[in-house]
Number of protein chains: 2
Amino acid sequence: MSADPSEDAPGTSPVSGATQSDLARELGVSRTLVSLALRGRAGVSPAMRRRILETADRRGYRRNTMAAELAGRRRTSVGLHLLDARNEIYSTILHSVQEELAGRERRLVLAVDSAPEHPDPRAVDTLLEANVGVVISTAVIGSEADIAALTARVPLIAMFRRVPGVDSISSDDDVGARRAVEHLADLGHRRIAHLTGPLFSGHSDRRESYQRSMSAMGAPADVVEADGYSRDAGLSAARGLLERPPGHRPSAVFAHNDELALAIREAAADLGLSIPGDLSLVGYDNSRTAGLTGIDLTTVDVAAADLGRAAAAAALRRLEDPAAAVVDRRFAPHLVVRGSTGAPRES
Amino acid sequence: MSADPSEDAPGTSPVSGATQSDLARELGVSRTLVSLALRGRAGVSPAMRRRILETADRRGYRRNTMAAELAGRRRTSVGLHLLDARNEIYSTILHSVQEELAGRERRLVLAVDSAPEHPDPRAVDTLLEANVGVVISTAVIGSEADIAALTARVPLIAMFRRVPGVDSISSDDDVGARRAVEHLADLGHRRIAHLTGPLFSGHSDRRESYQRSMSAMGAPADVVEADGYSRDAGLSAARGLLERPPGHRPSAVFAHNDELALAIREAAADLGLSIPGDLSLVGYDNSRTAGLTGIDLTTVDVAAADLGRAAAAAALRRLEDPAAAVVDRRFAPHLVVRGSTGAPRES
DNA sequence: CTGAAAGCGCTTACAG
DNA sequence: CTGAAAGCGCTTACAG
């Protein structure tokens with residue numbers, strides 16, 4: 001895995017452009033001097049510095065960061081591991097991470113899982129091979145031993161999961177899911193189903209919190225598992241749930257995320273069920289879509305942009321000081337009540 | 001610009017992990033042999049190859065792609081320049097590009113503009129410094145001379161804009177905008193406004209096509225320019241448009257993209273205007289949001305996923321053969337009629 | 001089948 | 001203030 005023998009892609013592009021050596025040659029000075037001047041380091045006379053910068057500009061010199069990092073024995077770029085680019089929560093995180101990085105001379109190298117339902121450890125390998133200095137992962141999977149092996153190679157910022165000894169930026173799913181269920185219970189619902197996706201290690205907090213909340217109110221838990229976490233993946237499970245025989249259909253559904261909630265919404269529309277008349281619905285994430293007129297989805301706000309910013313800040317901090325104290329920021333989610341929830345019809 | 005003297009970020013992470021030299025030393029062979037074996041090249045006995053791969057695995061060897069590219073005088077990674085990660089069209093493109101690249105040993109380096117309304121040439125600089133072998137840009141800006149200067153450094157795949165001599169993956173905006181206007185005209189609308197964003201070079205096709213279509217039907221063009229292309233940026237312009245005194249408000253709006261159409265929708269809801277009763281609305285992009293029950297937006301489908309796939313394919317092709325014939329793929333958009341358009345009230 | 005040498009573009013000590 | 005040398009991790013000719 002680490003050394004793929006079938007590699008060696010034929011496709012390559014020839015390298016081009018002026019180098020520091022070219023500039024040094026043109027000016028008749030040493031490469032060292034050019035390097036120093038370009039980086040604004042001490043040890044170059046003002047006049048010389050000006051000449052060098054002017055020449056660099058004229059020649060359209062662009063520094064080869066990869067070579068610089070190799071020579072400098074350092075790594076400055078940030079790797080971001082995303083589960084699904086099309087899910088608004090991840091694109092929001094991408095956006096806020098990028099904003100924090102902008103203007104800080106940090107490159108962003110991306111690894112996106114192609115099958116979000118089954119996160120691939122290889123995705124992070126890409127980042128390691130790209131020699132990033134820190135990895136922000138929105139889906140830290142595997143055992144704590146796996147994670148320890150990873151962090152031995154590169155500092156990790158874990159999002160949405162708390163990992164002991166690792167910088168963690170999370171949202172309290174336990175609280176979020178409880179608020180969702182309690183809100184439905186307060187409205188009078190007892191038959192509350194939970195639509196979620198495949199279970200993978202470290203990502204069961206919402207489900208477990210749902211189960212605990214249900215048992216606390218003495219109601220049976222009803223977990224339905226879709227093939228994934230996207231709207232498309234959730235559609236057939238959603239349909240199955242809503243097509244249950246009369247009396248077995250829940251009066252409310254709490255979905256693991258807004259995408260799955262939207263799947264429920266579409267399925268409900270197909271079956272002629274009205275929301276919240278026939279079915280109350282709670283999502284999770286508070287995506288911008290959830291707040292749209294006509295969607296009006298009750299959901300749990302996790303402040304995705306804040307999470308992204310915090311993760312980027314943690315990454316920059318870790319890059320600057322590998323020995324800094326471990327960060328464990330846990331954000332409190334809050335319920336945003338909109339029009340998709342109401343009292344059950346027959347109660 | 002090219003040589004920023006204020007650079008030299010303090011934050012760095014020390015490099016770590018086994019190298020080919022480490023493996024060679026452990027096995028008592030040359031570095032060359034290790035390199036050959038790791039890449040599956042000829043010239044290594046099967047037994048030796050096996051030993052080397054086994055050792056690499058055991059030591060958790062991870063190849064340093066940056067060093068490999070530097071030494072091999074080639075570039076294999078793909079740079080993607082996105083205008084706005086939160087706009088669904090770009091996240092869809094990101095997703096499809098990444099899918100095409102997955103499993104092909106291609107890294108994706110991302111540059112996202114922080115202010116999409118004013119694309120920053122520096123964003124692409126980041127990609128150049130990351131030594132990417134090809135740049136896919138969703139917003140090629142500047143004059144053709146600027147573009148020529150860029151393509152002298154790195155092959156470019158231009159999206160959404162046709163650039164002579166440059167691989168271009170575009171959608172025919174002229175046709176798309178005409179279809180939108182004609183659809184509204186067919187419904188009986190004459191007062192059709194166009195909500196767009198700031199003008200920048202190479203991106204005025206929809207606007208111009210709208211203007212031509214309006215003048216073809218003998219109606220006055222009514223272009224309203226928002227501060228940007230995002231929903232938030234469009235909100236105040238949308239409000240201004242809909243708050244016009246009676247008789248001056250358009251009966252239909254054709255928006256530059258779905259984001260701006262959603263801004264119109266929100267503004268209309270705030271003002272108590274119904275869609276399509278009081279106002280017909282056409283977007284552009286056919287984002288997944290547009291098709292949602294409750295949104296039901298008539299829009300122009302540009303097949304964003306296809307565009308992304310085509311761009312990725314063009315990038316891979318260009319990487320493999322710098323001398324390949326220039327690609328100019330132009331997709332035909334089509335109108336998707338949904339519930340946001342209808343006959344004008346008083347007609 | 002295997003190895004010694006040169007070099008990619010850059011930076012970091014170390015000498016002047 | 002300036003330069004010659006060594007080296008980052010790797011690959012590519014070139015010799016055996």
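As a basis for the values below, the full set of heavy atoms in this structure was taken, side chains included, without hydrogen atoms, waters or symmetry mates. Every chain is numbered from 1, with letters handed out A, B, ... down the list of sequences. All figures in this text were calculated on a predicted structure; none of them were measured in a lab.
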From [options], nucleotide with atom closest to [X] side chain:
| X | options | value |
| --- | --- | --- |
| A:Leu33 | D:dG3, D:dC1, D:dG7 | D:dG3 |
| B:Val44 | C:dG7, C:dT2, C:dG3 | C:dT2 |
| A:Met48 | D:dA5, D:dG9, D:dT2 | D:dT2 |

Is the shortest side-chain N/O distance from [X] to OP1 or OP2 of [N] below 4.0 Å?
| X | N | value |
| --- | --- | --- |
| A:Ser35 | C:dG9 | no |
| A:Arg49 | D:dT2 | no |
| B:Ser30 | C:dG3 | yes |
| B:Arg41 | D:dT12 | yes |
| A:Arg39 | C:dT11 | yes |

**OP:** Apply the test side-chain hydrogen bond (donor to acceptor under 3.5 Å, both in side chains) to residues B:Arg39 and B:Ser35: give CA-CA distance (whole Å), side-chain angles for both, the deciding distance (0.1 Å), then the verdict.
**Re:** CA-CA 6 Å; B:Arg39 285 176 297 144; B:Ser35 173; 2.9 Å; yes
**OP:** Decide, yes or no, whether a salt bridge links B:Glu54 with B:Arg59 under the criterion of side-chain N to carboxylate O below 4.0 Å.
**Re:**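 Salt bridge flag = no for B:Arg59 with B:Glu54.
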Original post:
So, A:Arg104 and A:Glu99, do they make that salt bridge, N to O below 4.0 Å?
Top reply: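 Looking at A:Arg104 and A:Glu99, the cut-off is not met.
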Original post:
Across the strands shown, which category fits A:Thr19 at heavy-atom distances under 4.0 angstrom: base, sugar-phosphate, nothing?
Top reply: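 Sugar-phosphate, backbone atoms only, no base.
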**OP:** Remember a base hit wins even if backbone is also touched, and classify A:Ser45 as base, sugar-phosphate or nothing at under 4.0 Å, heavy atoms.
**Re:** sugar-phosphate
**OP:** Could you pick out which residue, B:Leu36 or B:Ala71, lies toward the 5' side of DNA chain C when each is mapped onto its nearest nucleotide?
**Re:**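 Its nearest nucleotide being more 5', the pick is B:Leu36.
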Original post:
If you find the nucleotide of DNA chain C closest to B:Ala42 and the one closest to A:Thr65, which residue's nucleotide is nearer the 5' end?
Top reply: B:Ala42
Figure out the [atom1]/[atom2] separation between [X] and [N], and round it to whole Å.
| X | N | atom1 | atom2 | answer |
| --- | --- | --- | --- | --- |
| A:Met66 | C:dG7 | CE | C1' | 17 Å |
| B:Glu129 | C:dT11 | CD | P | 11 Å |
| B:Arg74 | C:dC8 | CZ | P | 16 Å |
| B:Leu27 | C:dT2 | CG | P | 11 Å |
| B:Arg51 | C:dC1 | CZ | P | 15 Å |
| B:Ile52 | C:dC1 | CD1 | C1' | 11 Å |
| A:Arg153 | D:dG9 | CZ | P | 13 Å |
| A:Leu70 | D:dG7 | CG | C1' | 9 Å |

Original post:
Going by heavy atoms in the side chains, are B:Val166 and B:Ile147 under 4.5 Å from each other?
Top reply: yes
Subject >> B:Thr55 and B:Glu26: side chain donor to acceptor below 3.5 Å >> reply: no
Original post:
Paired with C:dG3: which nucleotide, if any, by Watson-Crick or G-U wobble criteria at under 3.5 Å for both distances?
Top reply: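 By the stated definition (distances under 3.5 Å), D:dC14 pairs with C:dG3.
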Original post:
Any idea which heavy atoms bring A:Ala314 and A:Ile169 closest together, and the distance?
Top reply: CB-CD1, 4.3 Å
